[in-house]
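These notes concern the structure reproduced below.
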Amino acid sequence: MPAARLHLVRHGEVHNPGRVLYGRLPGFGLSEDGRRMARAAAEHVHSLGRPVTGVVSSPLQRTRESSEPFTEIFGLEPALDERVIEPHNVFEGRRMKHALVNPFNWRHLRTPATPSWGEPYLDIVARMDAAMRDLWHATGSGDAVIVSHQLPIWITHLAIAGEPLRHDPRRRRCALSSVTSFELDGHVWREVAYAEPASTAGAVDVGAV
């Protein structure tokens, strides 16, 4: 039997005092509040009263740390999957408000529908879909969890909803430690729930691609 439901969980707040776009850069782990958020996400999934029998995490530090409460609660060691990682971005390591006023960087904004500053949206959709389907069919009975990042989760939502992939990053519905849930109906994904179990008041959330 395949999985019953698949939850895409975003990582918690990252310790990012420089407020840079951290992307795939190493050394960006969770803040203390981020660990609290990650715990809230795992407790929310547990509160659904549904068995969780498969957990996958992006290999980046912040997602591995955000998967730790799932290990504690469900006793599952997450498998690492590069396909659910943060996309690359030419602005990594910079503060966006400074980078965007530099005319030298405007060339990276020439085709926002692709987008020209990073990994193509269609490529993100393809790798996320492949990872989701593989985990779905490998999980047996119960729910599956993927701990990932804002853009891969949001782009997955847009693709499944049949909406344009081009979007304003400031308008993503994918809060820190949010849980977006899907079911596979035949060969078609359906989004069935979205939750924000963690308080994010005062959180720093400027590092997402």
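Just so you know, these numbers come straight off a predicted model, no measurement behind them. Excluded from the calculations below are hydrogen atoms, water molecules and symmetry mates; all remaining heavy atoms, backbone and side chain alike, are included. One-based numbering along the sequence shown.
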Might you work through the side chain to side chain contact (heavy atoms under 4.5 Å, CB included) test for Val84 and Met128, ending with a clear yes or no? CA-CA 6 Å; Val84 302; Met128 285 293 291; 3.8 Å; yes
Measuring only between side-chain heavy atoms, which start at C-beta, is [X] closer than 4.5 Å to [Y]?
X	Y	result
Pro152	Pro87	yes
Val52	Val45	yes
Ser66	Leu30	yes
His149	Ser58	yes
Phe70	His46	no
Val56	Val145	no
Thr156	Phe182	yes
Val179	Tyr194	no

Ionic contact status for [Y] with [X], cut-off 4.0 Å:
X	Y	value
Arg24	Glu92	no
Arg39	Glu72	yes
Arg127	Asp123	no

What are the two closest non-hydrogen atoms of [X] and [Y], and how far apart are they?
X	Y	result
Thr53	Gly142	OG1-CA, 3.9 Å
Pro2	Trp136	CB-NE1, 3.3 Å
Ala41	Val9	CB-CG1, 3.9 Å
Ser177	Gly12	OG-CA, 3.3 Å
Pro115	Pro120	CD-CA, 4.0 Å
Glu196	Ser178	CG-CB, 4.2 Å

Is [Y] reachable from [X] through a run of hydrophobic residues whose side-chain heavy atoms are each under 4.5 Å from the next?
X	Y	answer
Leu76	Leu6	no
Val90	Leu151	yes
Ile146	Leu158	yes
Val125	Trp117	yes

Stepwise, does the side chain to side chain contact (heavy atoms under 4.5 Å, CB included) test hold for Ile155 with Leu165? CA-CA 6 Å; Ile155 284 293; Leu165 301 183; 4.3 Å; yes
Of Arg170, Arg10, Arg172, the one forming a salt bridge (charged side-chain N to carboxylate O under 4.0 Å, His left out) with Asp205 is Arg10
Would you say Glu32 has more than 12 foreign heavy atoms packed within less than 6.0 Å of its CD? no
Crowding at NE2, His167 (>12 non-hydrogen neighbours, <6.0 Å): yes
From [X] [atom1] over to [Y] [atom2], what is the distance, rounded to the nearest 0.5 angstrom?
X	Y	atom1	atom2	result
Ser181	Arg50	OG	CZ	8.5 Å
Leu25	Gln61	CG	CD	12.0 Å
Leu176	His11	CG	NE2	6.5 Å
Leu60	Ile85	CG	CD1	4.0 Å
Glu183	Asp143	CD	CG	8.5 Å
His157	Thr180	NE2	OG1	8.0 Å

Taking the six-membered ring for Trp and the full ring for Phe, Tyr or His, determine whether the centres of His15 and Phe28 are under 6.0 Å apart. no
Could you tell me whether the side chain of [X] and the main chain of [Y] form a donor-acceptor pair under 3.5 Å?
X	Y	result
Asn16	Arg19	yes
Arg83	Met132	no
Thr139	Ala3	no
Ser148	Ile153	no

Short side-chain donor-acceptor distance under 3.5 Å, Ser31 and Glu13: yes
Does the Lys NZ or Arg CZ of Arg166 fall within the cation-pi geometry relative to Tyr121 - under 6.0 Å from the ring centre and within 45° of the axis? no
Before giving the answer on side chain to side chain contact (heavy atoms under 4.5 Å, CB included), spell out for Phe74 and Val55 the whole-Å C-alpha distance, their side-chain angles and the decisive distance to 0.1 Å. CA-CA 9 Å; Phe74 297 104; Val55 179; 5.7 Å; no
Kindly indicate, with the supporting measurements, whether the criterion side chain to side chain contact (heavy atoms under 4.5 Å, CB included) is fulfilled by Thr200 and Met37. CA-CA 8 Å; Thr200 58; Met37 293 174 191; 4.3 Å; yes
